[in-house]
Amino acid sequence: MPGEQGEVRRDKLDRLLGMGIDPYPARSAVSLPVADIRAGGETEETLVASGRLTAKREHGKTIFADLRDPGGTIQLYLGRSVLSDSDWELLGLLDLGDIIQVTGTVFTTRTGELTIRCSGIRLLCKSLRQLPVVKVDAEGVYHDEVTDSDLLYRHRCVDLLVNPESRTRFEMRTRIVSYLRGYLDANGFLEVETPVLQPIYGGAAAQPFETMYGSMDQKFYLRIATELYLKRLVAGGMERVYEIGKDFRNEGIDRTHSPEFTQLELYEAYSDYTGMMDRFEDMVAGAATAAGLEEEIEYQGAAISLRTPFRRIGFMDSLRRASGEDLFSWEPKDLKGLLERQGITSDAEDRITMLDKLFDHYVAHRIVQPTFVVDYPLELSPLAKRSLEDPALTERFEAFMAGLELANAFSEQNDPLLQRRILEEQAAASLHREGTLDEDFLYALEVGMPPTGGMGVGIDRLVMILTDTGRIRDTILFPHLRRTDQ
RNA sequence: GAGCCGCUAGCUCAGACGGUAGAGCAUCUGACUUUUAAUCAGAGGGUCGGGGGUUCGACUCCCCCGCGGCUCACCA
């Protein structure tokens with residue numbers, strides 16, 4: 001009998017229909033969350049609980065079962081002598097995974113388990129798929145835990161049901177994002193939405209996804225950043241704006257990169273990159289609290305302190321110190337040689353990209369505690385203002401933690417002529433860019449944008465840190481996978 | 001895009017040397033009125049990721065493909 005597992009449930013569904021039971025009723029009674037029932041303890045008061053049937057322990061005329069809702073699990077006591085004949089018959093047709101509603105009182109069994117003594121039971125939704133059964137023994141050890149990541153990513157609903165820590169992680173993500181919104185709203189920022197489909201992409205250096213806009217008969221790109229649009233708004237007098245949304249970068253996937261990721265970008269007029277440091281510290285510390293964490297957190301085995309202020313180091317200083325060399329005076333061929341000696345394989349040929357590689361190698365990957373790396377070379381930062389002390393540097397920082405880049409911020413370049421020249425030079429020098437200037441953005445700068453601090457924060461990575469997750473995909477509900485149907 | 005590893009029942013896994021597959025949980029049948037990884041007895045369930053090839057014979061060896069994982073490359 002092929003496909004037995006599914007057939008059994010279909011058969012039960014038919015039998016339920018034969019009994020006149022609607023396996024998918026439209027209405028259910030208001031029920032008490034399991035967590036509340038547990039908190040309430042024993043009671044003679046009749047209450048209603050709803051959830052998924054996750055275990056059944058049959059003892060003849062007595063059946064113990066587990067009912068789970070998002071907030072917890074509670075045991076059910078189902079006795080032949082307590083239930084009606086029809087409820088008892090229904091019980092026999094229930095499978096693990098079915099969503100049910102029970103009515104009863106709460107007592108404690110002689111083994112000390114808080115339990116609902118069910119006087120009534122109702123089917124709310126028949127499940128036609130057998131879920132993996134994960135059991136936890138008395139020592140709290142998981143048995144037959146589902147590890148097939150393909151299954152878990154393709155069917156996140158299964159993951160959420162079967163792995164409680166997955167559910168918790170996404171709840172934390174939501175709380176973190178809510179906190180950030182609340183923080184920014186409370187500080188006078190306006191949340192806005194800018195185009196995802198853009199005729200010219202910009203604001204970062206990345207390969208875009210391309211698409212065809214049918215009715216316009218024009219090529220469009222999925223945004224790689226919101227930067228250039230948000231700054232237009234600052235020029236337009238929306239002096240504190242932010243957007244939390246997806247950016248798309250048509251590049252490789254790895255543990256810390258997702259082609260579709262969530263970024264918070266915020267811009268604050270009359271602020272600068274030091275102001276952005278304060279915002280970042282506020283937001284990270286606050287998000288941790290919102291996620292239920294203390295100031296000291298653990299990330300993949302490392303102790304991390306979120307105590308502010310965060311450390312500040314210079315891009316060039318830190319690289320000099322870590323490498324023991326003044327790499328900024330080196331010729332490209334010598335840098336190339338050093339890269340090879342350090343075992344870094346890279347296609348990079350130009351000086352500045354190689355320096356950036358060496359910075360990652362010597363400094364960034366080794367940063368554990370929250371750290372602002374400040375004063376980036378001008379060549380790496382076309383949209384940032386030049387440093388007052390050194391025109392080769394910019395007023396920019398990137399925030400690192402546990403080897404991850406979490407944020408990128410600068411005092412925004414608002415000199416329209418200088419900005420145009422820099423962008424033109426970049427476009428000319430770069431092979432893969434379209435070489436198209438965003439004239440509307442430059443127009444906005446010509447209209448005039450006040451001195452402004454701006455910052456982008458990688459939300460998925462922040463969630464990684466705060467949920468102690470090693471893979472960015474575990475912070476994204478539906479990460480991209482290759483389709484298997486073709 | 002490259003290299004390596006993996007893909008066996010719904011889930012977790014085992015299958016030395018090539019002889020058409022096993023376990024636990026889940027499912028089904030039966031027993032059991034306070035168990036909790038319930039227990040006991042029995043049963044069903046697999047075109048071993050797909051396609052070729054070698055061979056008398058392939059889960060096993062070879063080739064191609066698919067999907068996943070890990071590293072690397074790409075990544076203001």
Side-chain angles (χ1 to χ4, degrees), chain A residues 1-9 11-12 54-66 73 75-83 92 95-97 107-113 115 117 128-154 158 162 202-207 224-225 227 247 249-259 261 343-348 352-353 356-357 360 376-384 394 396 398 405 408 410 422 426 430 432-433 456 470-471 473 479 481-486:
Chain A
M1 187 201 272
E4 184 208 339
Q5 303 294 337
E7 309 257 331
V8 169
R9 292 183 180 223
D11 183 55
K12 287 180 180 172
T54 56
K56 241 172 145 182
R57 295 177 289 279
E58 300 195 37
H59 301 267
K61 295 186 175 65
T62 292
I63 296 176
F64 288 94
D66 290 338
T73 302
Q75 177 166 269
L76 307 178
Y77 171 87
L78 300 143
R80 178 68 188 90
S81 57
V82 187
L83 289 169
D95 291 302
L96 301 189
F107 74 111
T108 304
T109 64
R110 70 180 181 205
T111 53
E113 183 81 17
T115 300
R117 178 185 281 107
L128 295 180
R129 292 265 183 186
Q130 184 177 4
L131 289 171
V133 177
V134 180
K135 296 193 175 186
V136 188
D137 65 22
E139 283 79 46
V141 178
Y142 282 76
H143 297 269
D144 298 332
E145 190 169 16
V146 183
T147 54
D148 181 351
S149 53
D150 192 49
L151 168 69
L152 298 178
Y153 289 137
R154 283 189 202 281
V158 173
V162 159
Q207 289 293 326
I224 59 174
E227 172 145 2
D247 286 344
R249 298 185 181 176
N250 204 344
E251 283 155 6
I253 303 176
D254 64 30
R255 195 179 286 188
T256 61
H257 292 83
S258 172
F261 65 103
I344 305 167
T345 48
S346 171
D347 304 340
I352 197 66
T353 310
D356 200 26
K357 284 282 165 202
D360 282 344
Y376 275 67
L378 181 65
E379 299 97 309
L380 287 173
S381 319
L383 299 166
T394 53
R396 173 184 175 196
E398 287 195 356
E405 179 198 333
N408 180 25
F410 22 88
I422 291 170
Q426 287 251 322
S430 188
H432 62 267
R433 295 292 295 272
R471 292 180 297 199
R473 292 179 134 196
L481 295 170
R482 287 180 185 277
R483 54 194 295 178
T484 55
D485 59 337
Q486 284 185 343

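Every chain is numbered from 1 and lettered A, B, ... according to where its sequence line falls, protein lines coming before strand lines. Keep in mind it's a predicted model, so treat the numbers as computed, not measured.
- A:K135 and A:D144 are not joined by a salt bridge, as no carboxylate oxygen comes within less than 4.0 angstrom of a charged side-chain nitrogen.
- A distance of about 42 Å separates the P atoms of B:rC63 and B:rU27, rounded to the whole Å.
- Evaluation of the side-chain contact (heavy atoms from CB on, under 4.5 Å) rule for A:S346 yields A:A348, A:K357 as partners, not counting sequence neighbours.
- Stem list for RNA chain B (at least 3 consecutive Watson-Crick or G-U pairs, distances under 3.5 Å): B:1-7 with B:66-72, B:10-13 with B:22-25, B:27-31 with B:39-43, B:49-53 with B:61-65.
- On the C1' atoms, B:rU55 is 36 Å away from B:rG24, given to the nearest whole Å.
- Checking B:rC72, B:rG68, B:rU71 against every side-chain atom of A:R255, the shortest atom distance belongs to B:rU71.
- Geometrically, A:R57 does not engage A:F64 in a cation-pi contact, judged by NZ or CZ lying under 6.0 Å from the ring centre and within 45° of the ring axis.
- Scanning for ring pair (Phe, Tyr, Trp, His ring centres under 6.0 Å) contacts around A:Y376 gives A:F315, with sequence neighbours left out.
- Within the 4.5 Å cutoff, the side chain of A:R396 has heavy atoms near those of the A:N408 side chain.
- Nucleotides B:rA9 and B:rC5 place their P atoms 22 Å apart, quoted to the nearest Å.
- Nearest to the side chain of A:H257, among B:rC28, B:rA73, B:rC75, sits B:rC75.
- Evaluation of the ring pair (Phe, Tyr, Trp, His ring centres under 6.0 Å) rule for A:Y142 yields no partner, not counting sequence neighbours.
- Only the C1' atoms considered, B:rG30 is 25 Å distant from B:rG22, to the nearest whole Å.
- B:rC4 and B:rC59 are spaced 25 Å apart, taking the P atom of each and rounding to whole Å.
- The ring pair (Phe, Tyr, Trp, His ring centres under 6.0 Å) check on A:Y153 picks up nothing, with sequence neighbours excluded.
- You'll find that the side chain of A:E251 is closest to B:rC74, out of B:rU27, B:rC74, B:rC70.
- In this structure, CG of A:D356 is placed 13 Å from P of B:rA73, rounded to the nearest angstrom.
- Considering only the side chain of A:Q130, B:rA26 comes nearest among B:rG68, B:rA26, B:rC74.
- Rounded to the nearest Å, the gap between the P atom of B:rU12 and that of B:rG69 is 14 Å.
- B:rC48 and B:rG19 are spaced 16 Å apart, taking the C1' atom of each and rounding to whole Å.
- With B:rU12, B:rC28, B:rA76 as the candidates, the nucleotide lying closest to the side chain of A:R396 is B:rA76.
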Going 5' to 3' through nucleotides 33-39 of chain B and flagging B where a protein heavy-atom sits under 4.0 Å of the base, S where only the sugar-phosphate is that close, and - otherwise, we get BBBBBB-
